[in-house]
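Both counts, for ligands and for their atoms, begin at 1 and track the order of listing.
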Amino acid sequence: MGMPELAGKIHDESRQGEAVAAFKHDPTTYKKLFYIESYGCAMNFADTEVVASILNTEGFGATRNVEEADLIFLNTCSIREKAEMTVRKRLTEFKLLKKKKTGMLIGMLGCMAERLKSKLLEEEKLVDMVVGPDAYRSLPALIKEAETGQKAVNVLLSREETYGDIAPIRLDSNGVCAFVSIMRGCNNMCSFCVVPFTRGRERSRDAHSIISEVIELFNTGYREVTLLGQNVDSYYWIDEQKDETVTFAKLLEKVAMVNPLLRVRFSTSHPKDITDEVLFTIARHENICNYIHLPVQSGSTRILQLMNRTYTREWYIGKVNRIREILPDCGLSTDMITGFCTETEEDHQDSYSLMEYCKYDLAYMYYYSERPGTLAEKRYEDDIPEEVKKRRLQEIIALHRIHSLESMQRDVHKTFKVLIEANSKKSETDWHGRTDHNKVVIFPKGDYQLQKGDYVQVKINRCTAGTLLGEIVGNQTA
Ligand code: SAM
Ligand code: SF4
Ligand code: F3S
């Protein structure tokens, strides 16, 4: 699977990146310089922008050169064992660097910090600070503690923290697309998943602060926002002043109405919670993208029950049918896990046939990785041999490749409204943009006086497995 760009496709927890603050630093004006790397899901990348803001307010500047940093932070992910191993490897590299530079401090942030707590600080002495996802406001105080050689740990989870009042500093941004966190935590207890333990209880962010952030983004040139939460459909906030209950559908509408020139995306929807009201809201607003990420995890009702997903294969198919009825032109993507505890060949075939039915435009596929402390680890044996898990994964990946190529090919000879995001990586004479369906489009700039953030009509002439290639056929402002 590819490594999606920060502001592009989301949901690939395997991606890693160098998150670099967009603000310039002048070493003479900043107290210290920090370097931060992010791993995991889009929510973690969004958190890194909150962390950068907190540090910047305290007079710290960002650097993309790790060698000149006084503080190194890793914003970490625990979703699969491999994600944690990548971070451990990186920490050992940083430890060597630290030996060369006195006073350098290393901090672990995010889900792995929450899961392992002070283990990497006390037992393995790999880090100087351990800060969980709800404790970023205490970072300045923890830095001070670590500077005096004390153990700096805060892994308290909160029932209220949403960082709603903190204006994130957009990192490595293309200036067009931004993530906006609308909630934190997760109340679902999918048996394979570590997130409820690392991110705590679900809480929704004040709708006013979300709308203010979106307006601010629009006014500074951003043209696409992705509303983020582990389960966006359970967004729920009460506006006490207006005596109004804001559901996800209402929030989506409010965000869409900020400006018709602003594209709105969201992730992730849970099949049990996505409502018709959300689908009708998408249908009503041209600027809410016709694209839904609807993770299924398995096509077998028996496995779904063991996973505690609270829906059956039939329920999921019913949701997909409903999406296609209300939004006939809706892109669909999913997450799928192979080799969950007790999965038989028949269960695997159920996943395979479900994928054949749904023909996803995009799918993120993984083999099951047992996580300590999860319900599955406590209740079930991780009994599928790794080679079987991997073989099944390869089978569904091969099937999905056919579907995604067909999905790309269907778009050839059609014309789409494309939001220009940046120069193409390969050529400065081409633009890189995306369609409403989240597909990347590369096309020559030609003689048009366009800039990033503009919309343009592009006719698709051909495609590769991951990219549409086309030409401009008209300017478009809305
Ligand atoms: N909240 C979203 C949902 O409900 O689907 C996403 C959760 S997680 C951040 C992203 C994906 O990682 C999941 O959808 C699942 O496919 C995968 N995942 C989570 N735990 C896993 C595990 N233990 N082994 C393999 N894949 C896992
Ligand atoms: Fe994990 Fe399930 Fe919550 Fe998604 S909905 S974060 S898979 S527990
Ligand atoms: Fe990973 Fe935490 Fe996200 S475990 S996937 S960074 S919520």
Record the part of Pro295 in heavy-atom contact with ligand 2 below 4.0 Å; permitted values are side chain, backbone, both and neither. neither

Heavy-atom pair of closest approach, residues Gly299 and Asp350: O-CB, 3.4 Å

Region of Glu370 engaging ligand 1 - heavy atom pairs below 4.0 Å: neither

Hey, which atoms in ligand 2 end up nearer than 4.0 Å to a heavy atom of Arg309? 2 (Fe), 7 (S)

Look at the aromatic rings of Tyr163 and Tyr136 and report parallel, tilted or perpendicular, splitting at 30° and 60°. parallel

Taking distance alone, with N or O pairs closer than 3.5 Å, would you say Asn231 contacts ligand 1? no

Atoms of ligand 3 under 4.0 Å from any heavy atom of Cys111, numbered from 1 in the order shown, are 2 (Fe), 4 (S), 6 (S), 7 (S)

At less than 4.0 angstrom from any non-hydrogen atom of Arg371, what atoms of ligand 1 do you find? 23 (N)

Of all the atoms in ligand 3, which lie at a distance below 4.0 Å from a heavy atom belonging to Ser78? 1 (Fe), 4 (S)

Can you sort out which atoms of ligand 3 are near Gln230, meaning under 4.0 Å from one of its heavy atoms? 7 (S)

Quick check: does Phe192 get an N/O under 3.5 Å from an N/O on ligand 1? yes

Starting from atom 1 (Fe) of ligand 2, which protein heavy atom do you reach first, and at what distance in Å? Cys193 SG, 2.3 Å

Residue from Phe179, Tyr235, Phe248 passing ring pair (Phe, Tyr, Trp, His ring centres under 6.0 Å) with Phe266: Phe248

Report the part of Cys41 in contact with ligand 1, treating N, CA, C, O as backbone and CB onward as side chain, heavy atoms under 4.0 Å; options are side chain, backbone, both, neither. neither

Residue Cys190, metal atom 3 (Fe) of ligand 2, N/O/S under 2.8 Å: no

Flag, side chain of Arg302 to backbone of Asp347, donor-acceptor distance under 3.5 Å: no

Show the atoms of ligand 3 that are less than 4.0 angstrom away from any heavy atom in Cys41. 3 (Fe), 5 (S), 6 (S), 7 (S)

Using a heavy-atom cut-off of under 4.0 Å, does the side chain or the backbone of Met43 touch ligand 3, or both, or neither? neither

Pro196 neighbourhood, listing ligand 2 atoms whose heavy-atom distance to it stays under 4.0 Å: 8 (S)

Under 3.5 Å between any N/O of Thr268 and any N/O of ligand 1: does that happen in this structure? no

Within ligand 3, which atoms have a heavy atom of Cys77 less than 4.0 Å away? 1 (Fe), 4 (S), 5 (S), 6 (S)

Shortest non-hydrogen contact from Ser234 toward Asp273: CB-OD2, 4.4 Å

Is Arg184 salt-bridged to Glu161, going by a charged N under 4.0 Å from an acidic O? no

Looking at ligand 1, does Tyr367 have a heavy atom less than 4.0 Å from it? yes

Could Arg392 and Glu345 be called an ion pair, given the rule that one side-chain N must be under 4.0 Å from one carboxylate O? yes

Residue pair Ser407 / Asp361, side-chain donor-acceptor N/O under 3.5 Å: yes

Run the numbers for me: atoms of ligand 2, each under 4.0 Å from some heavy atom of Cys186, listed by number. 3 (Fe), 5 (S), 6 (S), 8 (S)

With rounding to the nearest 0.5 angstrom, report the CG to CD1 distance, Asp128 to Ile72. 9.5 Å

Check whether the side chains of Ser191 and Asn308 place a donor and an acceptor atom closer than 3.5 Å, and report yes or no. no

Does a donor on one side chain and an acceptor on the other come within less than 3.5 Å for Ser353 and Arg313? yes

Can you tell which part of Asn188 has a heavy atom less than 4.0 Å from ligand 2: side chain, backbone, both or neither? both

Considering only heavy atoms, which of Arg80, Glu377, Glu81 lies nearest to atom 12 (O) of ligand 1? Arg80

With a heavy-atom distance limit of 4.0 Å, tell me whether Val194 approaches ligand 1 through its side chain, its backbone, both, or neither. neither

Find out whether Ile54 and Val50 are in side-chain contact, i.e. whether some heavy atom of one side chain is under 4.5 Å from a heavy atom of the other. yes

Under a heavy-atom criterion of less than 4.0 Å, does Arg199 contact ligand 2? no

Just going by heavy-atom distances, which of Arg309, His270, Lys82 is nearest to atom 3 (C) of ligand 1? Arg309

Are Arg284 and Glu253 close enough for a salt bridge, meaning some N to O gap below 4.0 Å? yes

Could you tell me whether the side chains of Arg199 and Asn44 share a donor-acceptor contact shorter than 3.5 Å? yes

Test your reading of the structure: does Tyr366 have an N or O sitting under 3.5 Å from an N or O of ligand 1? no

Run the salt-bridge test on Glu93 and Lys89 with the 4.0 Å N-O cut-off and return the result as yes or no. yes

